[in-house]
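Structure record follows, encoded as structure tokens.
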Amino acid sequence: DDEDDEDMDLEFGAGVALSGQELDSIPPASLADSIMGVRVFYRVAPRHKLALVRALQSQGEIVAMTGDGVNDATALKAADIGIAMGKEGTDVAKEAADMVLADDDFSTITKAVAEGKGIFFNIRNFLAFQLSTSFAALTMESVATVFGLPSPLNAMQILWINIIMDGPPAQSLGVEPVDDVILRAKPRNANDPIVTRALMVRAVTSAALIVFLTLKVFSNELDDGHIPRRDTTMTFMTFVNCDLFNAYACRSSERPFYDLDPFGNPSFLWAVGGSILGQLAVIYFPPLQEVFQTEALGVWDLLYILILSSSVLMLDTLRKKFFIKYTSDSVVVPVVSRRGWSRKKSEDCAASAAAADVKMEEKGKGAPSSIRSRLVMAL
């Protein structure tokens, strides 16, 4: 009866460590459910690795498998991310793997995961910025056309905004350092789209405010019924300033602007600095004034535009403080698995494996191995 109870426990995943011999005692049909919550697999053969990969994948997990031998090649190939050892790994294992761990240090994998998460979310931030700018420009021209108003911006100014002002700041968002909030977020589904409802909410609300502020300035300048260069210059400068403030807000989808490190992304500083210098040149350099149909603005005009356009940061703060569940794709939760078991420290895993070895020794099923157990990591 005790043996039947033990087999039943194994089949339903009792304990935090399983040996290869114990894995063999679990029916294949029950393997996927039995290994949920198990942190350490020790004394496993290559065939066990392959079975574990397939079992975890059947549960919708994204699986990373490490290996160094020729026999590990099948499991490395089957895993979503095969990781071969760079120093001790065979050529066959390296060819089958998706990634080669040059220093054979598992902590490097954590850095790679962080980099991967950062790239994905930076792409979303890039899209949020680009879409908001495009929506704003398109909406502003459409509103002017529908109501029979003259175009707030001329063709050269629109071209300048789309190519020069948007390009460098948008590209610099792609190298934004990984946010701690993103690292703490639960793993995303591999089928999640890049453009989500939360991203569209951010883009549309930012675009709506930019359109409102720009058209407000434009309508104020139209009181006299004429459209001199000053009118389009004020409108042009307002749109560009709103755009730059929006770029700063798009550095993170969760943290308000005052929580961001102003010097955390040097590429962004260079990009925005270059954009500001270029914009000032368009406004104050006579040859460019003729090309873009602008004129020099006074200090009070610039201060008025600066204060008005900074309200983009206020909107962003309100979204992130009070409407975060509608505007963020990341949910900050404790790092736990789908089944609810909490992640232990590596020392706990080692202790679990040692306890399992003692258990095996007491039952006479084999002496504890002095070779370090190989781990299967489900990311």
Side-chain angles (χ1 to χ4, degrees), residues 1-85 93 96-98 106 109 186-187 189-190 335-379:
D1 291 338
D2 292 339
E3 291 182 359
D4 291 340
D5 291 340
E6 180 182 344
D7 291 339
M8 185 67 70
D9 289 341
L10 289 174
E11 186 173 343
F12 288 96
V16 294
L18 286 178
S19 67
Q21 185 177 358
E22 290 171 323
L23 286 173
D24 287 332
S25 65
I26 300 175
S30 304
L31 182 60
D33 290 327
S34 300
I35 62 175
M36 296 307 295
V38 179
R39 303 181 187 88
V40 178
F41 299 93
Y42 61 101
R43 294 180 181 173
V44 294
R47 58 186 174 83
H48 294 131
K49 286 189 172 185
L50 180 59
L52 291 171
V53 168
R54 290 175 175 171
L56 290 168
Q57 288 174 333
S58 70
Q59 297 292 316
E61 302 283 1
I62 304 299
V63 184
M65 172 63 71
T66 61
D68 55 7
V70 174
N71 294 333
D72 293 327
T74 306
L76 292 175
K77 198 71 175 177
D80 297 284
I81 307 171
I83 306 172
M85 300 297 106
D98 301 292
F106 279 14
I109 300 175
K186 65 181 181 180
N189 191 307
V335 182
V336 297
S337 77
R338 304 190 292 124
R339 295 301 182 89
W341 50 273
S342 60
R343 186 177 65 178
K344 291 277 191 174
K345 296 181 179 180
S346 58
E347 290 84 355
D348 294 335
C349 295
S352 299
D357 267 335
V358 171
K359 177 181 176 182
M360 294 281 288
E361 185 178 15
E362 289 175 349
K363 293 187 176 183
K365 294 184 179 180
S369 173
S370 60
I371 302 176
R372 179 174 297 177
S373 303
R374 296 179 180 178
L375 305 181
V376 175
M377 295 172 295
L379 302 183

### Task
Report the distance from atom CG of Leu23 to atom NZ of Lys49, rounding to the nearest 0.5 Å.
12.5 Å
### Taking every non-hydrogen atom, the tightest pair across Ala93 and Ala84
O-CB, 3.6 Å
## Note on the structure
Taken to the nearest 0.5 Å, the spacing of Leu52 CG from Met65 CE works out to 6.0 Å
### Value rounded to 0.5 Å, distance of CG in Asp72 from CD1 in Ile83
12.5 Å
### Query
Out of curiosity, Ile35 CD1 to Leu56 CG, how far, rounded to the nearest 0.5 Å?
4.0 Å
### Query
Just how far is it from atom CD1 of Ile81 to atom CG of Leu76, taken to the nearest 0.5 Å?
12.0 Å
### Query
How long is the gap from CD on Glu22 to OH on Tyr42, to the nearest 0.5 Å?
5.0 Å
### Message
Could you work out, with side chain to side chain contact (heavy atoms under 4.5 Å, CB included) as the rule, every residue matching Asp80, not counting sequence neighbours?
### Response
Gln57, Ile62, Val63
## Note on the structure
Residues at least two apart in sequence or cross-chain that pass salt bridge (charged side-chain N to carboxylate O under 4.0 Å, His left out) with Asp24, listed by chain then number, are Arg47
### Query
By side chain to side chain contact (heavy atoms under 4.5 Å, CB included), which residues pair with Ala73, not counting sequence neighbours?
Val92, Ala96
